[in-house]
Amino acid sequence: MRRLQPVRGTHDILPEDGLKQRHVMETARKLAERYGFAEISTPIFEFTEVFQRTLGETSDVVTKEMYTFKDRGGDEITLRPEYTAGIARAVVSGGLGRQLPLRFFAHGPMFRYERPQRGRLRQFHQIDVEIIGVAEPQADIEVISLGADILEALGVLGSTELEINSLGDAESRLAYRDALVTYFSVHRDGLSAESQERLKRNPMRILDSKDEGDRVLVAKAPRMEDFLNEESSALFDAVLSGLDVLGVRYRKNPHLVRGLDYYSHTAFEFVTRELGAQGAVIAGGRYDGLMETMGGPPTPAIGWAGGIERLAMLAVGVPDAPRPIALVPVGDDVQDAAMQLARDLRHSGFVVDLGYRGNVTRRMRRADRIGARVALFLGENELERDVVTLRDLDSGRQQELARNALETALKSLE
RNA sequence: GCGGGUGUAGCUCAGUUGGUUAGAGCACCAGAUUGUGGAUCUGGGGGCCGUGGGUUCGCAUCCCAUCACUCGCCCCA
């Protein structure tokens, strides 16, 4: 161990951030539930081939970002870099394919060996939704509209933009890919070094290059739209008009492509400019070929993933933790009675903070610091008469209450 | 993986051309106030100046390396 610090790109999530992240996750879960999604959770590691086969041998994730190791039994294991492959595997290996359509919500940690920066971590957390077994555009529309609803609820929809494109089915994409290779091969010398490499490995990635020279060439490159076959093009149109019906705003971006091989047809990203180099807060698309790659029957599917840390950084209106009741025992002989009262109140659903030490001044200071709503004084004085002194810490007003009237009084506070 | 910037107290930051014991505000602790918080006043604790090496009589300060963060590329959530 070099020094006592977390591994590069990992962080301890302290309570303040934890609260925000939990809010993101719970908001997403609640809304996903309304759309009829059921929560699923799959292991955070899988056999390496689960990702290798499905994400594509040439994708960046597979070639240089996976946390892969051999376990003690000699199996090749990989910490999941994304959720979809694991869920697809669960559907195939659990025989869930008989119960289509399936709608899943999931969340949890992901791992990618990347260079960390703002909004980019080696262990990060995602929320994830998938609709499996629906070829109809309604699934695309529903999944996107769920994403928009979640962003809206988090107060970040206004600072994001939905970009959308269609990659078409396999036939359309192959035809387009050929056309792109032909076009860019002619202009090869005008391409950046990186894009010349992309031309060999993943020509569609040239489309979203940020290099000035590349962009000039890209602007005149063949357009995906012109290569969509009738079926692909009809699906895309249906998705867009569905979004129009629901009032979900979007911008067609013909240069939006995907890093992972399994995507087809609809591809979309909710992007923001407020996170530096990291644009996407939610990204996803259709992956009709994935289940088959996994060894299951051909099964259409669509889904997206959202970055919890990124969303938490943007979210507004995160609710505060509930304000506790500070219980202040006065004198040494009332400790037991105070513990008992604290437990009774907790059983009734109240959040109670029982200071552990110090005189009354000190405990009151603590009560103030933790944002307590009220303080309850319990001393010999009160104990003898079966009452409690309740001090409202906002107004400063104080009153004595019979023990059996206490909970009613506390409930009326809010 | 490539290039730039920044690392001084828990936090935000000062710190002179290299010179004695490294400072401030906030936060924290104690007291004024041992049955009453916030405000105020008084006092206090806290720093291998990110880490390692080098230069120097002497570095927080100059040089090199390294680690972390950060910005861009790459990639994406």
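Every chain is numbered from 1, with letters handed out A, B, ... down the list of sequences.
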Nucleotide paired to U16(B) in any strand shown, Watson-Crick or G-U, under 3.5 Å: none

Nucleotide U70(B), atom P - distance to CD of Glu274(A) in whole Å: 17 Å

Asp140(A) side chain vs Val239(A) backbone, donor-acceptor pair below 3.5 Å: no

Atom-pair distance (CG on Asp128(A); P on C76(B)), nearest Å: 16 Å

P spacing across the pair A60(B) / C48(B), given as an integer number of angstrom: 13 Å

G25(B) and G44(B), which share atom name P, separated by this distance in whole Å: 13 Å

Verdict with supporting geometry, Thr389(A) and Glu382(A), side-chain hydrogen bond (donor to acceptor under 3.5 Å, both in side chains): CA-CA 7 Å; Thr389(A) 300; Glu382(A) 283 85 0; 2.5 Å; yes

Pair partner, C2(B) [Watson-Crick or wobble, under 3.5 Å]: G72(B)

Watson-Crick or G-U wobble partner of A77(B), both distances under 3.5 Å: none

Nucleotide paired to A32(B) in any strand shown, Watson-Crick or G-U, under 3.5 Å: U40(B)

Aromatic Phe124(A) / basic Arg120(A) pairing, under 6.0 angstrom, 45° off normal: no

Partner nucleotide, any strand, of U66(B) [Watson-Crick/G-U, under 3.5 Å]: G50(B)

Distance, C1' atom - from G72(B) to G53(B), rounded to whole angstrom: 31 Å

Pair partner, C26(B) [Watson-Crick or wobble, under 3.5 Å]: G10(B)

Summary of protein contacts for nucleotides 35-43 of chain B, nucleotide by nucleotide, where a base hit scores B, a sugar-phosphate-only hit scores S (4.0 Å, heavy atoms): BBBB-----

Asn359(A) side chain vs Thr361(A) backbone, donor-acceptor pair below 3.5 Å: yes

Length of the CD-P vector between Gln117(A) and C76(B), whole Å: 14 Å

C1'-based separation of A30(B) from U34(B) [nearest Å]: 14 Å

Atom-to-atom span, CZ of Arg215(A) to C1' of C73(B) - whole angstrom: 13 Å

Presence of Arg112(A) side-chain N/O under 4.0 Å of C76(B) phosphate oxygens OP1/OP2: no

Arg8(A) side-chain proximity, nearest of U70(B), U34(B), A68(B): A68(B)

Contact under 4.0 Å: Arg310(A) side-chain N or O vs A77(B) OP1/OP2: no

Pairs flagged by ring-ring contact (aromatic ring centres under 6.0 Å, His included) wherever residues 153-198 of chain A is involved - sequence neighbours left out: Tyr176(A)-Phe227(A), Tyr183(A)-His187(A)

Run the side-chain donor-acceptor check on residues 143-160 of chain A: report pairs under 3.5 Å with partners two or more places apart or on a different chain.
from: Ser145(A); atom 1: OG; to: Tyr35(A); atom 2: OH; distance (Å): 2.6
from: Asp149(A); atom 1: OD2; to: Tyr35(A); atom 2: OH; distance (Å): 2.6
from: Ser159(A); atom 1: OG; to: Val156(A); atom 2: O; distance (Å): 3.1
from: Thr160(A); atom 1: OG1; to: Leu157(A); atom 2: O; distance (Å): 3.0

For A60(B), the Watson-Crick or wobble partner whose two distances fall under 3.5 Å: none

C1' spacing across the pair C13(B) / A22(B), given as an integer number of angstrom: 14 Å

Nearest heavy atoms of Arg205(A) and Val257(A), plus distance in Å: NH2-CG2, 3.9 Å

d(CZ, Arg273(A); P, A77(B)) in whole Å: 20 Å

Residue pair Glu130(A) / Gly303(A): nearest heavy atoms and the distance that separates them: OE1-CA, 3.4 Å

Atom pair distance, as rounded to whole Å: CZ in Arg115(A) and P in C69(B): 10 Å

Sugar-phosphate only, base, or nothing, as touched by Gly371(A) at under 4.0 Å among non-hydrogen atoms: nothing

Sugar-phosphate, base or nothing in reach of Ile282(A), heavy atoms under 4.0 Å: sugar-phosphate

Exercise: identify the closest heavy-atom pair between His265(A) and Arg286(A): CB-CD, 3.7 Å

Distance between P atoms of U70(B) and C63(B) (Å, rounded): 25 Å

Which atom of Val334(A) lies closest to which atom of Pro329(A), heavy atoms considered: CG2-CB, 3.7 Å

Length of the CG-P vector between Leu121(A) and C75(B), whole Å: 19 Å

Pairwise C1' distance, A32(B) and U51(B) [rounded to whole Å]: 45 Å

Ile206(A) CD1 - C73(B) C1' separation (whole Å): 17 Å

Touch class at under 4.0 angstrom, heavy-atom based, for Ala367(A) against every strand present: nothing

Asn359(A) vs Pro116(A), nearer the 5' end of RNA chain B by closest nucleotide: Asn359(A)

Quiz item: Arg120(A) side-chain donor-acceptor pair to C74(B) base, under 3.5 Å: yes

A14(B) versus A24(B) - spacing of their C1' atoms, nearest Å: 7 Å

